[in-house]
There are 2 protein chains.
Amino acid sequence: MGAVASHVIGKNARKSRECILDAAASLFSQNGYKGTTLRDIAKLTNMKAGSLYYHFSSKEELVLEILTIGLSNIIDTVVHDIDALPEGASAKDILVTAARGHLFALLEKPDYTSTSIRNYGQLPEDVQKRGRLVRDKYENMWRKWLQQAQDDGHIRSSVNLKVLRLTMLGSLNRTQAWYKKGDLSIDDIAKSQIDIYWCGIGNE
Amino acid sequence: MGAVASHVIGKNARKSRECILDAAASLFSQNGYKGTTLRDIAKLTNMKAGSLYYHFSSKEELVLEILTIGLSNIIDTVVHDIDALPEGASAKDILVTAARGHLFALLEKPDYTSTSIRNYGQLPEDVQKRGRLVRDKYENMWRKWLQQAQDDGHIRSSVNLKVLRLTMLGSLNRTQAWYKKGDLSIDDIAKSQIDIYWCGIGNE
DNA sequence: GTCTATAAGGCGATAGAC
DNA sequence: GTCTATCGCCTTATAGAC
């Protein structure tokens, strides 16, 4: 009986794990997956490269976890914001909320998300594959919201929803490439982008 | 007198050079700068790695040339299209022409341009620096066109031109990530995107 | 949990034969 | 012009001391 779990993850382990993830996410987003070595990550964590293997079984597993966190972070934020809308929220409200939520999640914790956006091509094949499943789920949510908004008459019927979805998500995601703290606020950017998409830039 | 240039670049050399550039651009755009080895490039060119050094002095020089070709290609296309506009073309005509030209150049020779868009972060520092000079020149052209269009009353005065420029170029450039030949035509995508930006998606 | 030491292999680049 | 061969370095990952 006296048997007790021989290896419970200690508190230090959990802390180190998070520290490694943060450091890795930052470096991956800056220098790419292949451009970041385990030694770089270890150095930023004040560890030695070999020690990382106590927490992660490979570089691949490490980047996969970062990828998953980044995508989940966006999805959770957006879904939470939409759930918080009052009962009778219109399809337009949902869309605007989704765009704002996406942008906030993207720009407030940029390291995790930009790892997935910028490095897709150079990630190992099966990391790409597993990431794609989560991303598809998220894109389907947008498909639904846009369709609903068009069905409800909030979006002009002549707008091609596929191009719209890819164009909107494209420019939202690209914001990360030019956003600088202290310049335009996230809120201002969100407002301007939504205004551009909703009203157009034309004057006639 | 009888002296003749002892080393003129032969026709085979020029052909090999182009072949190497094409192969490298394709691989860089797919697997990133660091994710592509000289051995990969050589294999796709039916050469051996060492032979590349007859044509390029380093991997860095090779990617810099691809970067320059890609950016010049976009700029040349856009400038040429705008020059071809009739005398009295409006600021709006210029803008629409620029967007179309950008998209065509981007999607018709994607390997060279996506090398510069996708791999910026992992490129060697001074390659980034030299590329930035060309890119800034191009962004300034857009700044001018947008300002002119707003001054002429073609763009609503409340539109933030900085956000607009970065958002538009962002979604145009991102198109490369989802464009597939045989699906939507470049022309359809251009039309839809311009319509979305110009008229907005809203219905009221 | 983290260290040191090191294995096994891939990388960019060079030298010299052909 | 392209080849073969190889140098020196850096990479991921492992083994065993502490």
Rounded to the Å, how far apart are [X] [atom1] and [N] [atom2]?
X	N	atom1	atom2	result
A/K43	D/dC10	NZ	P	11 Å
B/R14	D/dG1	CZ	P	11 Å
B/M47	D/dT4	CE	C1'	15 Å
A/N12	C/dT2	CG	P	7 Å
B/K48	D/dT2	NZ	P	13 Å

Please identify each residue that fulfils ring-ring contact (aromatic ring centres under 6.0 Å, His included) with A/Y197, with sequence neighbours left out.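 Scan of A/Y197 (ring-ring contact (aromatic ring centres under 6.0 Å, His included), adjacent residues dropped) gives B/Y197.
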
Letter by letter from the 5' end, nucleotides 11-17 of chain D scores (B base, S sugar-phosphate only, - none; protein heavy atoms under 4.0 Å) BBBB---

Taking side chain to side chain donor-acceptor pair (under 3.5 Å) as the definition, give me every residue that meets it alongside [X], ordered by chain and number, with sequence neighbours left out.
X	answer
B/T37	B/D40
A/S116	none
B/R100	B/D187
A/N31	none

Candidates A/R165, A/K162, A/K144, A/R132 - the one meeting salt bridge (charged side-chain N to carboxylate O under 4.0 Å, His left out) with A/E139: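 Exactly one option meets the salt bridge (charged side-chain N to carboxylate O under 4.0 Å, His left out) with A/E139, and it is A/R165.
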
Nearest listed nucleotide, side chain of A/S16, among C/dT2, C/dT4, C/dG1: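 That would be C/dT2.
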
Would you indicate which nucleotide in D/dT2, C/dG1, C/dT4 comes nearest to any side-chain atom of A/Y54?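 Among the listed nucleotides, the one closest to the side chain of A/Y54 is C/dG1.
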
